[in-house]
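See structure below.
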Protein chains: 2
Amino acid sequence: MFRMNIRETLSANLKRYRRERGVSQEELAHLAEIDRTYISSLERCQYAASIEVVDRLAKALEVQAADLLKSLD
Amino acid sequence: MFRMNIRETLSANLKRYRRERGVSQEELAHLAEIDRTYISSLERCQYAASIEVVDRLAKALEVQAADLLKSLD
DNA sequence: TTGTGACTTCCAGTCCGTC
DNA sequence: CGACGGACTGGAAGTCACA
């Protein structure tokens, strides 16, 4: 009945991997060289990130870019 | 030695799935409701697409968004 | 059938904050 | 530590004509 959209999927994966790694938004921001407030925005589904941002986040979290878009059915 | 960047990965997956399905850029454009020339641009790695564009292309090709970002090592 | 250049619009993404 | 605001810039998003 309810299906997550792609922003929500990214948000959920991002939060999950970030917490698994035990890093704060700010630390992740530094690792991925992305603005701190922007990561906060992504976790709140405010923007549709580009694949380059997804890729940098993936590298910082040591996963594949594809992993951040995997749907959680 | 040589590693594909994320734009090239998307481009390769896009071409591969599109040809597997036997659809032209124009047909895919119609299915995904994206301009044909924009799809052409993505296959030539001109832009870093947003995850929403990736998601629409994935649905049109009947795959997961994550599949379009899977690296081909 | 696809590539390309030129163009415009609008949002992704940055940087400064406060709470 | 994270949510949230405003102001700003560059690049993605989208369209067209033509090769």
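Throughout, protein chains are lettered first and strands after them, A, B, ... in sequence-line order, and every chain is numbered starting at 1.
At the phosphate of dA12(C), neither OP1 nor OP2 sits under 4.0 Å from any side-chain N or O atom of Ser50(A). An OP1 or OP2 oxygen of dA12(C) is reached within less than 4.0 angstrom by a side-chain nitrogen or oxygen of Arg7(A). Distances shown here put every side-chain N or O of Gln46(B) at or beyond 4.0 Å from the OP1 or OP2 atom of dA12(D).
Rounded to whole angstrom, the span from the CZ atom of Arg44(B) across to the P atom of dT2(C) amounts to 12 Å. Taking atom CG on Asp35(B) and atom C1' on dA6(C), their separation rounds to 14 Å, with Å as the unit. As rounded to whole Å, 10 Å separates atom C1' of dT2(C) from atom CD of Glu26(B). Atom OH in Tyr38(A) sits about 14 Å away from atom P in dG11(D), given to the nearest Å. Following rounding to the nearest Å, Ile39(A) (CD1) and dC15(C) (P) show an atom-to-atom distance of 13 Å. Across the protein-nucleic acid pair, Ile51(B) atom CD1 and dA12(D) atom P stand 15 Å apart, rounded to whole Å.
Ile34(B) comes within 4.0 angstrom of no nucleic acid atom, judged by non-hydrogen atoms across all strands. Residue-level contact check: Arg19(A) touches neither bases nor backbone, having no heavy atom under 4.0 Å from any strand. Among the atoms of the strands shown, base atoms are found under 4.0 Å from some heavy atom of Thr37(B).
Along DNA chain D, the nucleotide nearest to Glu43(A) and the one nearest to Ala49(B) differ in position, and the one closer to the 5' end is contacted by Glu43(A). The 5' end of DNA chain C is approached more closely, in terms of each residue's nearest nucleotide, by Glu27(B) than by the other of Tyr47(B) and Glu27(B). Across the interface with DNA chain D, nearest-nucleotide mapping of Arg36(B) and Ala48(B) shows Ala48(B) to be the residue nearer the 5′ end. If Glu33(A) and Lys15(B) are placed on DNA chain C by their nearest nucleotide, the residue sitting closer to the 5' end is Lys15(B).
Here the shortest heavy-atom pairing between Tyr47(B) and Leu42(B) reads O-CD2, 4.0 Å.
Classification of Glu27(B) and Arg21(B) as a salt-bridged pair fails, no side-chain N sitting under 4.0 Å from a carboxylate O.
We find the NE2-CG distance between His30(A) and Leu28(A) to be 11.5 Å, quoted to the nearest 0.5 Å. We find the NZ-CD distance between Lys70(B) and Gln64(B) to be 8.0 Å, quoted to the nearest 0.5 Å.
The stretch residues 56-70 of chain B does not touch DNA chain C, since none of its heavy atoms comes less than 4.0 Å from the strand.
Under the 3.5 Å distance criterion, the side-chain polar atoms of Asp55(A) are left unmatched by any main-chain donor or acceptor of Ile51(A).
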